[in-house]
Amino acid sequence: MDRKLHKQKTLTGTLVFSVCTAVLCSLQFGYGIGVINAPQKVIETHYARVLEVKMPDINVNGTADEPVPSSVTMYWSLSVSIFSLGGMVSSFFVGWIADKLGRIKAMMVVNILAVIGALLMGLAPLGQAHALVIAGRLITGFYCGLASGLVPIYVGEISPTALRGALGTMHQLAIVTGILISQVIGLDFILGSKDLWPVLLGISGIPAIIQTILLFFCPESPRFLYINLGKEEAAKQNLKRLRGEFYDPTKDIEEMKKEKEEAASEKKVSILQLIKSPNYRQPLIVSLVLHISQQFSGINGIFYYSTSIFTKAGISQPVYATIGVGVVNTIFTVVSVFLVERAGRRSLYLVGLAGMCICAIIMTIALALLSQHAWMSYLSMVAIFLFVVFFEVGPGPIPWFIVAELFSQGPRPAAMALSGCCNWTCNFIIGMCFQYIADACGPYVFIIFAVLLFGFTVFTYLKVPETKGKSFEEITAEFRKKKIATRKGLKSTEMEYLGTSTDA
């Protein structure tokens with residue numbers, strides 16, 4: 001009961017406002033993922049007209065008798081996946097810009113990229129449409145790569161320990177909300193028409209403009225102020241703004257002081273040093289595999305190409321089925337906000353991966369037997385919806401904030417940058433290759449993801465520790481115990497100790 005009261009007291013208006021303002025970046029990230037999906041045919045037709053090639057005629061069943069010209073397919077795949085390439089490159093600079101400018105100013109500055117990218121896409125019909133869309137998507141990807149790192153850092157640093165997981169999940173909630181918004185307004189009778197699709201792409205810069213204004217009213221991260229700048233009084237004032245006027249920040253300052261002392265004695269770790277050091281090898285492997293499992297689970301294949309998947313499944317109104325996926329996606333992300341602090345990170349991740357694996361197998365069977373049994377289209381749709389549900393239970397939100405929980409102050413920025421780059425690289429590979437793999441494998445495409453998901457489930461069971469309810473100091477202490485054990489002659493690594501301890 002006392003803990004519940006404590007949570008209520010620390011969830012102040014300023015904290016909620018600051019988190020909601022920060023995740024506007026995430027909203028735009030989600031919008032960027034989903035916006036390209038619904039108007040696919042309209043944009044492909046426009047590309048064909050600019051490239052002076054003929055698109056195949058559509059038959060009475062709503063499908064084409066001939067394949068789309070290879071040049072159009074190539075530019076379309078590039079339009080989808082270049083977004084992830086931009087994020088992959090810029091994610092390396094998250095730690096640098098966050099420490100150089102501070103969390104608030106960094107988010108303000110990167111919003112410039114969002115506006116430039118939106119303008120290029122919005123003005124696409126005035127020039128070579130495919131080139132302008134690809135350029136706009138690339139720059140928007142640069143923005144989202146930085147934003148996807150800055151948001152978890154800021155939200156994690158301003159959140160009280162008891163609410164860190166729940167508020168960290170808001171990043172994923174905003175992403176899926178952005179996806180849903182893009183799917184709804186991307187309908188052909190709203191903004192997904194042949195005349196209005198540039199507006200659909202161009203308005204992606206609006207959240208960045210709104211956020212820039214609202215950030216002036218958000219407090220800077222107290223951890224950044226104290227640990228990076230040494231401003232103790234400013235950190236105390238911001239803690240009181242975030243926790244409440246009568247909150248005593250003494251305990252928080254003591255924790256930050258210890259973390260600062262550790263940071264002073266522990267040199268800042270570069271990405272190369274992080275990769276080479278045996279001390280960080282196991283936590284780094286766990287962090288990277290979590291991000292790889294999020295992307296190679298097959299979820300982005302559904303997000304990017306859901307409309308075409310539903311068409312092949314025989315759904316008469318595939319766009320509305322895609323929106324249904326977005327609604328389910330959003331609802332169960334809200335559910336995960338409440339689950340993540342109750343059930344724990346590791347348990348939810350295991351349930352999510354195992355559930356997705358089963359759904360991928362069902363999807364494969366349903367799509368393979370669709371020509372023999374018409375009702376298989378409904379089974380495949382149910383499997384897709386459940387696939388999304390299990391994704392949002394664990395693999396969706398958890399990788400974004402758990403990396404910061406596994407590393408101390410010294411290696412944390414490098415770990416966040418490397419994990420973010422890994423996530424975006426996998427995102428790029430899926431966006432670029434999924435359509436070709438789907439065309440080659442037909443109904444058996446999701447069996448590939450089923451095999452991968454089974455492997456990720458086994459890895460999570462054996463290697464991933466539980467971090468629920470532990471402060472940064474407590475998690476760092478777990479690593480410190482392992483260092484002591486190593487000096488005594490034990491040859492296991494830090495994460496292996498965590499994985500076999502009773503706490504895990």
With a 3.5 Å distance limit and no angle check, can you tell me whether Gln211 reaches the backbone of Ala22 through a side-chain donor-acceptor pair?
yes
Do Asn111 and Thr212 meet the criterion of a side-chain donor-acceptor pair at a distance under 3.5 Å?
yes
Min side-chain heavy-atom separation Val23-Ile175 under 4.5 Å:
no
Counting N and O atoms only, with roles assigned by atom type, does the side chain of Gln28 sit under 3.5 Å from a partner on the main chain of Ser204, one being a donor and the other an acceptor?
yes
I'd like to check Ser91 versus Ser148 (side-chain heavy atoms, cut-off strictly below 4.5 Å). Are they in contact?
no
Quick one: do Met108 and Phe216 satisfy side chain to side chain contact (heavy atoms under 4.5 Å, CB included)? Show the steps, please.
CA-CA 9 Å; Met108 287 180 172; Phe216 283 102; 3.8 Å; yes
Verify, without hydrogens or angle tests, whether Thr12 (side chain) and Leu242 (backbone) share a donor-acceptor contact under 3.5 angstrom.
yes
When rounded to the nearest 0.5 angstrom, what is the spacing between CZ in Phe93 and NZ in Lys100?
14.0 Å
Side-chain heavy atoms of Leu290 within contact of Pro395, under 4.5 Å:
no
Verify, without hydrogens or angle tests, whether Gln294 (side chain) and Gly396 (backbone) share a donor-acceptor contact under 3.5 angstrom.
yes
Between Glu44 and Val72 (side chain of the first, backbone of the second, donor and acceptor by atom type, cut-off under 3.5 Å), is there such a pair?
no
Donor-acceptor pair, His130 side chain versus Val50 backbone, under 3.5 Å?
no
Does the side chain of Met381 come within less than 4.5 Å of Ile384's, by heavy atoms?
no
Counting N and O atoms only, with roles assigned by atom type, does the side chain of Arg346 sit under 3.5 Å from a partner on the main chain of Tyr461, one being a donor and the other an acceptor?
yes
Nearest 0.5 Å, what's the CG-CD1 distance between Leu386 and Ile362?
7.5 Å
In Å and rounded to the nearest 0.5 Å, what is the CG to CD1 distance from Leu215 to Ile104?
5.0 Å
In terms of the angle between their ring planes, are Phe29 and His171 parallel, tilted or perpendicular, with boundaries placed at 30° and 60°?
tilted
Heavy-atom check, side chain of Met356 versus side chain of Ile361, under 4.5 Å
no
Centroid-centroid under 6.0 Å between Phe83 and Trp424 rings
yes
Work out which heavy atom in Pro160 is nearest to a heavy atom in Leu15; give both atom names and the distance.
CD-CD2, 3.9 Å
Could you report the tightest heavy-atom contact between Ala118 and Gly205, atom names first, then the distance?
CB-N, 3.5 Å
Please assess Leu150 against Ile97 for the test side chain to side chain contact (heavy atoms under 4.5 Å, CB included), listing each intermediate value before the final yes or no.
CA-CA 9 Å; Leu150 290 171; Ile97 195 170; 4.2 Å; yes
Thr45 side chain near Lys194 side chain, heavy-atom distance below 4.5 Å
no
Pair Ser297-Phe449, side chain to side chain contact (heavy atoms under 4.5 Å, CB included): steps then yes or no:
CA-CA 6 Å; Ser297 65; Phe449 296 113; over 6 Å; no
Would you check, one step at a time, whether the test side chain to side chain contact (heavy atoms under 4.5 Å, CB included) holds for Glu392 with Val335?
CA-CA 9 Å; Glu392 293 306 344; Val335 172; over 6 Å; no
Applying the side-chain contact (heavy atoms from CB on, under 4.5 Å) criterion to Leu453, which one of Phe390, Phe296, Phe387 satisfies it?
Phe387
Side-chain contact, heavy-atom cut-off 4.5 Å: Ser77 with Thr73?
yes
Without hydrogens or angle criteria, can the side chains of Thr333 and Gln172 be said to hold a donor-acceptor pair below 3.5 Å?
no
Can you establish whether the number of heavy atoms outside Phe17 located under 6.0 Å from its atom CZ is more than 12?
yes
Could you go step by step and tell me if Phe459 and Phe456 meet the ring pair (Phe, Tyr, Trp, His ring centres under 6.0 Å) rule?
CA-CA 5 Å; Phe459 178 88; Phe456 295 139; 8.1 Å; no
For the backbone of Ser79 and the side chain of Arg137, can you confirm whether one donor and one acceptor N or O come within less than 3.5 Å of each other?
yes
Does a donor on one side chain sit under 3.5 Å from an acceptor on the other, for Glu220 and Asn238?
no
Is there a donor-acceptor contact under 3.5 Å from the side chain of Arg241 to the main chain of Thr14?
no
Is a donor on one side and an acceptor on the other found under 3.5 Å between the side chain of Ser193 and the backbone of Phe189?
no
Could you tell me if the side chain of Pro125 sits less than 4.5 Å from the side chain of Pro198, heavy atoms only?
yes
Between Thr457 and Tyr349, do the side chains contain an N or O donor and an N or O acceptor separated by less than 3.5 Å?
no
